[in-house]
A.B. asks: 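Sharing a structure below in structure tokens format, with a few things to ask.
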Amino acid sequence: MTDNWYGWAGTVLEVDLASGDIQRKPLSRDFAREYIGGSGFGVKLLYDELEPGADPLGPENIIIIGQGPLAGTAAPSSGRYEMVSKSPVTGLYLRSNGGGFFAPEMRWAGYDLIIIRGRAEQPVYLNIADDRAELRPAAGVWGLNTWDTEKAIRQELGDDNVQVLKIGPAGEKLCLTSCVIANLSNAAGRMGTGAVWGSKNLKAIAISSSRKKASVARPGEFRKLSRELEARARQDPAYELHTRCGNLAWVSDGFIKQAYGNAFSGLLSDRFQETLYGDSVGCYNCSLKCRHYYEVKEGKYKGTTGDGLHTNAVMYGGIILGINDPAFVATYNTICNQLGLNVDVPGNAIAWAMELYSRGIITKEDTDGVELTRGNEEAVLTLVDKIARKEGFGAVLDTYPLRAAEAVGRGSERYAAHVKGAPSRGTGIELSWEWTLGLAVATRGRDHLTGSPCITTPGLNEELTGDMLGKLGQERYGDPRVIAEAWYYSPQKARFVYDQENVYACHDMTGICKYMGAMCLYVSGMNYQDFASLLTAATGIDYTAEDMVRAGERQLLMERAFNAREWVRRIDDHPFPLYWKLKTGEVHPDYKYGGQFEESYERLLDEYYRLRGCELETGIPTGEKLREMGLEAIAEDLARRGIIDR
Amino acid sequence: MERTIQKVKVEIPYHLRQFVNDSAEVEMAAVDVAGCLHDLESSFPEMKGRLLDGEGRLRLFANIYVNGEDIRWSQGLTTPLKDGDCITIVPFIPGG
């Protein structure tokens with residue numbers, strides 16, 4: 001079945017958990033060429049299969065795990081898989097990307113896609129070994145944390161190298177803050193992925209391959225391209241920072257030094273390196289090795305081990321909670337990974353509760369007796385555990401922001417910032433025009449991984465960038481200020497977000513990590529031409545840079561169409577204070593944005609919609625644009641439902 | 001028109017309170033936001049550099065609100081103050 005495929009493996013594994021039926025089906029060549037892989041496959045399948053209004057935690061929801069034609073190859077950092085489903089957090093499109101070694105193993109075992117439907121009567125796990133796939137009882141691992149689950153499954157299968165994607169107790173309890181984890185910490189973390197698995201009684205997917213090789217059409221050319229891209233990445237000014245201490249060195253250090261000074265000096269990357277870190281560790285074929293193994297060697301958290309501690313753990317397990325101890329942050333990170341919780345959301349929800357507590361909106365009577373003062377480490381760990389078990393006040397926090405604010409009431413919603421129901425810190429009006437717009441228009445709700453230009457945040461690493469951002473702005477947009485000045489207003493800021501979204505989508509379609517791309521490298525991140533060249537050499541099909549732009553556009557249009565078919569409209573593409581104003585008719589009591597800011601934002605959003613091919617009034621893709629992109633069926637579907645004009 | 005010094009309240013975010021004797025808010029007297037922030041830095045030296053850079057410009061990672069309005073979208077650091085105004089500092093928090 002797969003002999004004459006290059007790049008793609010050529011096979012789709014379809015699993016019906018209700019009946020236990022498992023089928024291997026050929027991948028359609030037209031589908032593969034058109035939608036490329038990973039997130040591109042996922043959004044098309046989800047749109048076609050799932051009716052609007054479907055319950056994300058019902059048996060009708062589907063789990064799609066896709067990897068791209070570059071995953072598991074010699075291309076740099078080619079170890080990513082994409083999980084696509086409908087989110088129980090927002091009721092919208094969900095895509096979540098994970099690293100580690102699962103994606104290459106899946107590719108080598110011969111699968112481009114795993115599609116899971118229905119709900120098993122009893123807990124199961126899916127075991128795949130090359131051409132063989134079976135559902136096995138998971139009663140023995142149900143209730144175990146993610147690390148113990150992996151160990152137990154490897155022991156049961158008698159194979160220490162099998163790759164295991166799994167949920168923890170949080171996913172089993174259908175926590176909205178739950179995620180799916182590969183290895184120790186490689187989470188497909190956002191938007192409640194773990195709960196979708198839990199709702200289907202799916203504990204894990206174990207996969208192994210005897211081949212350890214992905215076929216490409218032009219091996220010599222592919223190796224040469226890969227070597228060139230690797231060499232180019234190593235020349236990037238940001239490369240060394242990443243290898244030294246992951247994103248702590250280039251994100252949180254800059255903010256901590258400037259904004260907080262000594263208040264959070266304990267969370268600078270040097271402190272982690274001095275006190276906790278051991279060897280660095282990378283995902284498949286990645287020289288950046290942005291993670292480190294860590295071990296707490298003394299104090300009350302002594303004995304804690306783990307890996308994959310990123311800026312978000314520093315922020316959500318430290319700064320936002322008023323905690324300045326790297327050992328605590330490491331412990332928070334490990335506990336979240338073991339319980340199968342997304343590292344970001346529990347801390348965010350607890351910080352919200354701390355804010356309410358400090359204002360007297362909630363008291364110990366609401367928090368099950370927990371003293372929710374900032375900096376109270378014991379309180380945080382108690383609540384993290386309660387969230388994962390959906391106990392008492394933890395069950396409320398698990399539904400942060402919207403349902404938690406509704407449950408608490410008493411005006412708490414004004415502190416529960418969100419975009420499309422996905423939690424946001426602060427106002428969502430952050431750093432620059434491109435960040436603010438990128439976070440607000442993101443299709444899975446407030447999210448910096450869809451289109452916010454991360455590395456090019458002005459002022460973040462000025463010693464390193466010098467006038468580089470100005471040069472990039474001149475080169476890309478004919479105006480140095482577009483990238484170099486945070487709040488310089490230009491319609492090109494919308495194009496900046498549009499470009500980032502498209503190129504990020506190329507990463508997620510092909511299986512390449514964004515850290516090796518435009519997200520984290522200033523000038524050497526992979527661009528459209530790089531993706532086209534690699535895909536051509538991998539698949540034997542000629543792709544151009546224009547094809548890649550188009551592929552990115554198509555993906556974003558499909559995502560927007562999926563969301564429009566649920567409930568998303570223009571109002572939902574606004575940062576929290578403006579959303580509040582539009583929804584309630586009153587300015588937000590704490591963040592009274594209006595006037596020039598509001599006018600500028602609306603003009604920027606108009607420009608973004610024009611670039612995307614969306615109606616200015618609604619933000620929904622136009623029929624004309626959908627047809628231009630070859631998405632006639634989606635145009636017809638939206639028209640049939642009365643969402644757009646024919 | 002000559003502007004006079006006004007008494008205002010500055011709300012200090014949790015993250016910076018240790019620099020102002022653990023106070024949640026401090027009272028200042030100033031003509032405008034720049035004056036208020038300079039005085040804040042003078043009164044509490046550990047605050048120096050947190051909100052304004054070496055050239056007296058507002059740091060990118062500090063958002064300042066006067067009665068809920070972001071000064072970036074009014075008159076910036078020259079935003080005039082009136083008696084009883086409430087100044088809120090919201091530092092950006094890193095992470096995704």
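Lettering of chains follows the sequences in order, A, B, ..., and the numbering in each one begins at 1. The figures here come from the full heavy-atom set of this structure, side chains too, leaving out hydrogens, waters and symmetry mates.
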A.B. asks: Are any of the side-chain heavy atoms of A:Asp590 and B:Tyr65 separated by less than 4.5 Å?
C.D. replies: no
A.B. asks: Quick check for you: to the nearest 0.5 Å, what is the distance between B:Arg17 atom CZ and A:Arg374 atom CZ?
C.D. replies: 6.5 Å
A.B. asks: Please report the shortest heavy-atom distance between A:Ala259 and B:Phe61, naming the atom on each side.
C.D. replies: CB-CB, 4.4 Å
A.B. asks: In terms of heavy-atom pairs under 4.5 Å, which option from A:Ala486, A:Ser432, A:Gly322 contacts chain B the most?
C.D. replies: A:Gly322
A.B. asks: Do any of residues 30-57 of chain B have a heavy atom less than 4.5 Å from a heavy atom of chain A, and if so, which, in residue order?
C.D. replies: B:Glu46, B:Gly49, B:Arg50
A.B. asks: For the OH atom of B:Tyr14 and the CD atom of A:Glu355, what is their distance to the nearest 0.5 Å?
C.D. replies: 12.0 Å
A.B. asks: Is any side-chain heavy atom of A:Phe597 less than 4.5 Å from a side-chain heavy atom of B:Asp70?
C.D. replies: no
A.B. asks: Between B:Trp73 and A:Trp487, what is the ring plane arrangement, given parallel below 30°, perpendicular above 60°, and tilted in between?
C.D. replies: perpendicular
A.B. asks: Return the minimal non-hydrogen interatomic distance between A:Pro458 and B:Leu60, and the atom names on each side.
C.D. replies: O-CD2, 2.7 Å
A.B. asks: Roughly how far apart are A:Ile429 CD1 and B:Asn63 CG, rounded to 0.5 Å?
C.D. replies: 8.5 Å
A.B. asks: What distance separates A:Tyr591 OH from B:Glu69 CD, expressed to the nearest 0.5 Å?
C.D. replies: 14.5 Å
A.B. asks: Could you grab the distance from atom CZ of B:Arg59 to atom CZ of A:Phe255, nearest 0.5 Å is fine?
C.D. replies: 12.0 Å
A.B. asks: Distance from B:Arg72 atom CZ to A:Tyr593 atom OH, nearest 0.5 Å?
C.D. replies: 8.0 Å
A.B. asks: How close do A:Ala263 and B:His15 get, heavy atom to heavy atom, and via which atoms?
C.D. replies: CB-O, 3.3 Å
